[in-house]
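Let me give you the structure first, and then I'll get to my questions.
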There are 2 protein chains.
Amino acid sequence: MQQLLSHITAYHRLSTEAENALQNCFTEITLNKNEFLLTQGNVCRHLYFLEKGALRGFYNLDGKEITHWFGFEKDFVTSFHSFITGEVAVENIQLIESCTLWAIAKETLTELFNQHHDIERLVRIAYEKYYIRLEERYVNAQFKPAKERYEELIQQAPHILERVPLGFIASYLGISQETLSRIRSRF
Amino acid sequence: MQQLLSHITAYHRLSTEAENALQNCFTEITLNKNEFLLTQGNVCRHLYFLEKGALRGFYNLDGKEITHWFGFEKDFVTSFHSFITGEVAVENIQLIESCTLWAIAKETLTELFNQHHDIERLVRIAYEKYYIRLEERYVNAQFKPAKERYEELIQQAPHILERVPLGFIASYLGISQETLSRIRSRF
DNA sequence: TTTAATTTTTGACTTATGTCAAAAACCCAA
DNA sequence: TTGGGTTTTTGACATAAGTCAAAAATTAAA
């Protein structure tokens, strides 16, 4: 919980009341490797803060699993589309490692927004950061060759290779596992 | 201006005071085809609402122009990375058609946030929408073949072909102009 | 340990897309 | 209306990445 709070306040300094209110609204969850935080067809009603562990978001396309994001320590995770719109998710969220998470329900968060302008500001700022991070990923994904994308991923998340099966990484990079394997073998 | 207000309030209903405050903070701008709203190396200090016209964001990569987004009527446009972080932009924003825009400076917006929780909420909601829209574009860009991406673009923005040169569209789709031309010729 | 299951690599071949150059079509301005 | 510039298409060829199948390596389980 301390990690959550200090991470949050790095985004934006909160008043003590807001901080206390926030603390009471998160619930701790622990799940084991390979378990699902969300399965497709369900509405994702919670936002999670990932304190420890690793997980992935993936969906099924023509019988194949497409891993389109990873979550690691200090990430906020959810199926954003489902969480925001209230529609059922097309994606699944599955643990790659056993995880410790903090969950907050959407209605609880909405309630907090109404009571604390502070917290809504915090979330607005968080969205800004997540938006530009996604924008960068988008540009890289579309306009850089596979090899560069791989190298940048390794640089950003050096431990990912030890934590995540290669097949998931290949999928995340938008290439086949065989191609990724060949990229790696040429150094 | 009426268009801006009614677009905004479709996101979130504002109090009359907030609405009035907002109105006074936007300035009208008109620019001609091919002019630049922003050039790389400068900080983008404004957020714009595009009332009429079309424009594109592009950056230079190995001597080539990569068009990575388009703006049309009712879009909010800016170089989000630069606007949010205050760093210089790596991208350019150029008009494809003559445009009417409404501009608001970042400091003015920050001021509005402090005075009206309402407006910060509105922007938080706008970010949510823009985030999930970008997420969808990301998934399509990385995991769908060029032909499908083209077809979906035409469906979403049927008039784009009459308004935007094919080369820009090819770049936006992440394929060469020749490939796009061939996709089109096979219907 | 040894075996079984899973993950990763390698090989042979196919397909999609890129590149460069030139021709064709289109569009505007004199 | 015509001619020059731009945009789009076509052709020939090169390259990146995909697919399928099997071997090798790694990991987990008995």
Side-chain angles (χ1 to χ4, degrees), chain A residues 32-35 53-56 58 60-68 70 94-98 139-154 157 159-187, chain B residues 32-35 54-56 58 60-68 70 94-98 139-154 157-187:
Chain A
N32 291 319
K33 182 171 173 173
N34 295 326
E35 287 193 275
L55 42 73
R56 66 178 182 130
F58 74 92
N60 290 289
L61 185 69
D62 318 321
K64 264 183 288 186
E65 290 185 354
I66 306 284
T67 295
H68 59 123
F70 294 115
Q94 187 182 25
L95 303 224
I96 298 173
E97 303 170 353
S98 301
V139 167
N140 287 344
Q142 188 153 30
F143 302 111
K144 291 191 180 169
K147 194 186 160 195
E148 274 182 55
R149 298 202 310 270
Y150 173 70
E151 283 162 359
E152 281 171 25
L153 177 66
I154 298 306
H159 301 302
I160 199 172
L161 286 174
E162 290 112 62
R163 300 178 71 179
V164 178
L166 208 66
F168 294 172
I169 296 175
S171 174
Y172 175 80
L173 292 171
I175 58 181
S176 71
Q177 178 165 324
E178 294 91 329
T179 298
L180 179 54
S181 175
R182 287 182 179 112
I183 286 171
R184 275 151 51 93
S185 74
R186 302 196 274 282
F187 327 63
Chain B
N32 291 318
K33 183 172 172 171
N34 294 328
E35 287 193 274
L55 42 74
R56 66 178 181 129
F58 74 92
N60 291 290
L61 184 69
D62 318 321
K64 263 183 289 186
E65 290 185 353
I66 305 284
T67 296
H68 59 122
F70 295 115
Q94 187 183 25
L95 303 224
I96 300 173
E97 302 170 352
S98 301
V139 166
N140 287 344
Q142 188 154 31
F143 303 112
K144 290 192 180 169
K147 195 185 158 197
E148 273 181 56
R149 299 202 310 271
Y150 173 71
E151 283 162 359
E152 280 171 25
L153 177 65
I154 298 306
H159 301 301
I160 199 170
L161 286 173
E162 290 112 64
R163 301 178 71 179
V164 178
L166 208 66
F168 294 171
I169 295 175
S171 174
Y172 175 79
L173 293 171
I175 57 180
S176 71
Q177 179 164 324
E178 293 91 329
T179 297
L180 180 53
S181 174
R182 289 183 178 111
I183 286 171
R184 275 151 51 92
S185 75
R186 302 196 272 284
F187 323 63

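Below, read A as the first sequence line, B as the second, and so on, with proteins coming before strands; counting in each chain starts at 1. Every heavy atom of this structure was used, including side-chain atoms; hydrogens, water molecules and symmetry mates were not.
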Which residues share a side chain to side chain contact (heavy atoms under 4.5 Å, CB included) with Glu35(B), sequence neighbours left out: Leu31(B), Asn32(B)

Under the side-chain hydrogen bond (donor to acceptor under 3.5 Å, both in side chains) test, residues paired with Glu152(B) that sit two or more places apart: Asn140(B), Lys144(B)

So which protein N/O to nucleotides 27-30 of chain D N/O distances come out below 3.5 Å?
none

Estimated bend of the helix from dT1(C)-dA30(D) to dA30(C)-dT1(D) (axis per five terminal pairs, rounded to 10 degrees): 40°

Figure out the CD/P separation between Glu162(A) and dT26(D), and round it to whole Å. 14 Å

Please identify each residue that fulfils side-chain hydrogen bond (donor to acceptor under 3.5 Å, both in side chains) with Ser176(B), with sequence neighbours left out. Thr179(B)

Under the side chain to side chain contact (heavy atoms under 4.5 Å, CB included) test, residues paired with Ala54(B) that sit two or more places apart: Phe72(B), Ile96(B), Glu97(B), Arg163(B)

Scan for salt bridge (charged side-chain N to carboxylate O under 4.0 Å, His left out) pairs involving residues 164-179 of chain B, sequence neighbours excluded, and state none if there are none. none

Taking only residues two or more places apart in sequence or in another chain, which ones pass side chain to side chain contact (heavy atoms under 4.5 Å, CB included) with Gln94(A)? Asn34(A), Phe36(A), Arg56(A), Phe58(A)

In whole angstrom, give the distance that lies between atom CD1 of Ile175(B) and atom P of dT15(D). 21 Å

Could you tell me which residues satisfy ring-ring contact (aromatic ring centres under 6.0 Å, His included) with Tyr150(A), sequence neighbours excluded, listed by chain and number? none

Kindly write out the residues that satisfy side-chain hydrogen bond (donor to acceptor under 3.5 Å, both in side chains) with Gln142(A), not counting sequence neighbours, or none if the list is empty. Tyr138(A)

Could you check how far CD of Gln142(B) sits from P of dA17(D), rounded to whole Å? 12 Å

Nucleic acid footprint by protein, nucleotides 8-14 of chain C - heavy-atom cut-off 4.0 Å, B for base, S for sugar-phosphate alone: BBBBB--

